[in-house]
Every structure is written in structure tokens, then in C-alpha cells.
Amino acid sequence: MDKKQLRIIYMGTPEFAVLPLQKLVENGYNIVAVITMPDKPSGRGHKMQQSAVKQYALSAGLPVLQPEKLKNPEFLEQLRSYNADLQIVVAFRMLPEVVWAMPKYGTFNLHASLLPQYRGAAPINWAIINGEKETGLTTFFLQQEIDTGDIIMQHKITIEPTDNAGNLHDKLMIEGAEMVIATTDMVINQNITAIPQNQIATEQLHPAPKIFKETCQINYNQTAEQIHNFVRGLSPYPAAWTEFQLNGHSINAKIFATEPIIEPHNLTIGTALTDNKTYIKIACKDGFIKLLNMQLPSKKPLNVRDVLNGLK
RNA sequence: CGCGGAGUAGAGCAGUGGUAGCUCGUCAGGCUCAUAACCUGAAGGUCAGUGGUUCGAUCCCGCUCUCCGCAA
């Protein structure tokens, strides 16, 4: 089958989903429609924002659908009218069976982990938080339970010690775009052997639930290494935050970069030390966590040196 | 008109209705075996823009622009 003949509907919302779509379009695949989140007031000033995918889709001249409810009968009718052969989902939301079961060749999803590890909304963040040395990408066919479908392709990516959620996201996005193309080609060539996830041997399964602000507070009752991973796993978004006392100031800050220091001490956990010039470090379980880059309320993210200059 | 914060030297911040200040950085010189050390000196500002009040505005008031947090 020629790729022109395969009618594809693409579903996705954020930045992560743009690159795969762009690759598909640039390589001449037949995208008949794009589904994305409705425009929402967001950001400063509550301005209406179009999703990253919508912005790209419009610039590429693709039809865009933005249903409030995926089970809405009118939407389903509209969806059916596109008569798609395949649906591709990247960073969208849970789909009802009536949607994912619609196309002849089904619906596949690109997920940013090595399934069955890190099922859920925030696989990139959790992999780093847990100190993983590698993670990856998976394409799989959608099934009832979220992120449990039969696996089509997987690709490993090394997590470098210097990686944070931001640049790992970018790496995965680039690789993910290639995988979407490759997986689509497998569908076109009818050359797929999807493997059920329960046939994959794994140790303990780590979940990757959605992250809320409460879960972003730094707990100093952990090792320096754990805190370090926590910070980079949440950097730059949604960002780890903390409160501590420094020279009589009560500091409340988002932390973007840290350095772990393993060193015995007798200080109370959470005590902040500084020379007022070059560093701030906070006592944790087995040493200190040195703050390198942080953001005070109403300020921009700054190096600790600059923060200290301003506190004098 | 969702709520709130902020724009002052290259960077980070003070400050006052009457000639603009701190820390860091930069440059020059000194000291030192040595430093993200120390000492001395210098350069560097249309106090975001714009209108108004005033004898006089960086400061008070109106508007504009830009940035940041919350909230989704």
C-alpha cells in the first residue's frame, strides 16, 4: 500500500506531539484531520490559547477538530465521516473505546517510557526522579486500560546525569517523531507483530501518575542524590519548590538545578548554610544539597550567586 | 476587563518630592607561594516609555509596553 492511501487522523495537544505530526506531514503521509484540545484561556492575562498542535495544524492547512467531549455523538459522527484507516495518538488524553476502535487498523499511541514501566501521564519526570539510567519510547495499540496495549516498537534512550526533564523531553520528542513514522510504515506494509505487555519480563513496575504541585515540594529527609534527581526530574516544569530560612529571610523558591554533596553532619535536616557569596546548601539525610539555580516569587530564575547579591 | 508581583549601572537588588546607592562583575594598579582571597582607584544610569500634578518627579497620579507568579 502506498502511504498516500492510508487515511490518518492525528490526535495530540502539547509541544511533544507537534514534531511527530510535522514529520508525517513533511514526509507526505495523508493526514485527513487533527484532533486537539479546545482553546482555553490560560497563561498571563487569561488569554485564549491554542494548543501547540493546533497552531501547527493550522499553519499546515490541516482540518482541526476540538471536541469538548470525546463521546459527543456529533463529534463521533464527524470523526466517522473522515473514514480514517489509522489513528495516531501522541500526548493527548484517554480515549473512549468507541473512538480508538473506529479505524480499520486501529489506533496507536506514542508513550515516553519503556512500557510496561512508567504508565501514566508523566513518564519522563518520574523516570528521572527515580534515578533511572535509561528510559525510552514505546508505540503500542490502544486497549481498555491506559498504557497497557500490545507493543509495536520500543527504543531505549540513555538518561545522562546532566539531563533534566526539559532536555530529556526534547530528546524523546525527536526520537519519538522517527518512531511514529516507522510505526506508521509498519502499518502500511502490514508488517506488525505486536507483543502483549505481560510477555515482557520486568522487575517491579513504576507508575507515572500525573504530578501536582503538592508533590513538587522538596523533602530534605531524603538523600542528596534523591533530592537531586527530584529537582532535575521536575525541571524546568513543573519545578520543585521549597521553603527555608536564610539569614533571617524566609525564602520560598522554585529550584531548577542542584548538586548533591555527600558529607556527614549533625545539623537539623533542612538547615540552610551560605557564605553570602557563592553558595547555598541545605542539610539533608546524608549530606547537603547545593542550590545552583532558583527562582524567587515574582522573579526570574537566577543563579544562586545572583540571588545572594540581591539579598544583601 | 480573573488575582497578584516587578521594570533603577553589564548582573542581582536598595532607596528618596531637591546632584542616585549596595553587592557582584568589568578595567587599571598594589599585595600574595597561592585563590571565586585581600587592598586602592576608575569606567559604567535618559531610574522601561508616555501624559499629568509640582518651583522641581526616579519617587505621586493616568495610560502603554515588557517580564514573573497563581490559576487551567
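Sequence lines set the chain letters: A, B, ... in the order given, protein chains first and strands last, and positions in each chain run from 1. Owing to the predicted nature of the structure, the values given are computational and were not obtained by experimental measurement.
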Candidate pair A:Lys3 and A:Asp185, rule salt bridge (Lys or Arg N to Asp or Glu O under 4.0 Å), full reasoning: CA-CA 8 Å; A:Lys3 61 187 175 189; A:Asp185 285 339; over 6 Å; no
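Checked by atom type and distance alone, the side chain of A:Asn27 never pairs as donor or acceptor with a backbone atom of A:Leu24 at under 3.5 Å.
The gap from the P atom of B:A9 to that of B:A14 amounts to 13 Å, rounded to the nearest Å. Spacing between B:C68 and B:G12 at atom P, rounded to whole Å, works out to 13 Å. Here the separation of B:G10 from B:G17, taken at their C1' atoms, is 30 Å to the nearest Å. Nucleotides B:C60 and B:C24 are separated by 29 Å at their P atoms, to the nearest Å. Comparing B:U40 with B:G5, their C1' atoms sit 41 Å apart, to the nearest whole Å. Separation of the C1' atoms belonging to B:U58 and B:A6 is 15 Å when rounded to the nearest angstrom. Comparing the P positions of B:A11 and B:C47 gives a spacing of 16 Å, expressed to the nearest Å. Taking atom P in both B:U64 and B:A71, the straight-line distance is 27 Å, to the nearest Å.
The CG-C1' distance, from A:Leu296 to B:G69, rounds to 12 Å in whole Å. With rounding to whole Å, A:Asp275 atom CG is found 13 Å from B:U23 atom C1'. The distance from atom CG of A:Asp306 to atom P of B:U26 is 13 Å, rounded to the nearest whole Å. One can place NZ of A:Lys290 at 11 Å from C1' of B:A36, the figure rounded to the nearest angstrom. For A:Leu302 and B:G69, the CG to P distance is 12 Å, given to the nearest whole Å. The interatomic distance linking A:Asn276 (CG) with B:C22 (C1') rounds to 14 Å, in whole Å. Between A:Leu311 atom CG and B:C24 atom P there is a gap of 14 Å when expressed in whole angstrom units. A:Trp241 places its CH2 atom 11 Å from the P atom of B:A71, with the value rounded to the nearest Å.
Checking B:G12, B:A36, B:C13 against every side-chain atom of A:Lys299, the shortest atom distance belongs to B:C13.
Within the 4.0 Å cut-off from OP1 or OP2 of B:A71, not a single side-chain nitrogen or oxygen of A:Lys40 is found. Dashed line: the shortest gap from a side-chain N or O of A:Lys277 to OP1 or OP2 of B:G25 is not under 4.0 Å. Under 4.0 angstrom from either OP1 or OP2 of B:G69 there lies at least one side-chain N or O belonging to A:Gln295. Note on A:Lys300: every side-chain N or O is 4.0 Å or more away from OP1 and OP2 of B:G5.
A:Tyr82 approaches A:Val32 most closely through the heavy-atom pair CE2-O, 3.4 Å. Across every non-hydrogen atom of A:Ile159 and A:Ala127, the tightest pair is CD1-CB, 4.2 Å. The shortest heavy-atom contact between A:Thr268 and A:Ala283 is O-CB, 3.7 Å.
Consecutive Watson-Crick or G-U pairing (both distances under 3.5 Å) extending over three or more pairs maps onto RNA chain B as B:2-7 with B:65-70, B:10-13 with B:21-24, B:26-30 with B:38-42, B:48-52 with B:60-64.
Projected onto RNA chain B by closest heavy-atom contact, A:Lys254 and A:Arg305 fall at different nucleotides, the more 5' of which corresponds to A:Arg305.
Taken together through direct or relayed side-chain contacts under 4.5 Å among Ile, Leu, Val, Met, Phe, Trp and Tyr, A:Ile146 and A:Leu137 form parts of separate hydrophobic clusters. Connection of A:Phe108 to A:Tyr105 is established within a shared hydrophobic cluster, with ILVMFWY side chains joined at heavy-atom distances below 4.5 Å, either directly or through further cluster members.
A:Gln190 meets the side chain to side chain donor-acceptor pair (under 3.5 Å) test with no other residue; sequence neighbours excluded.
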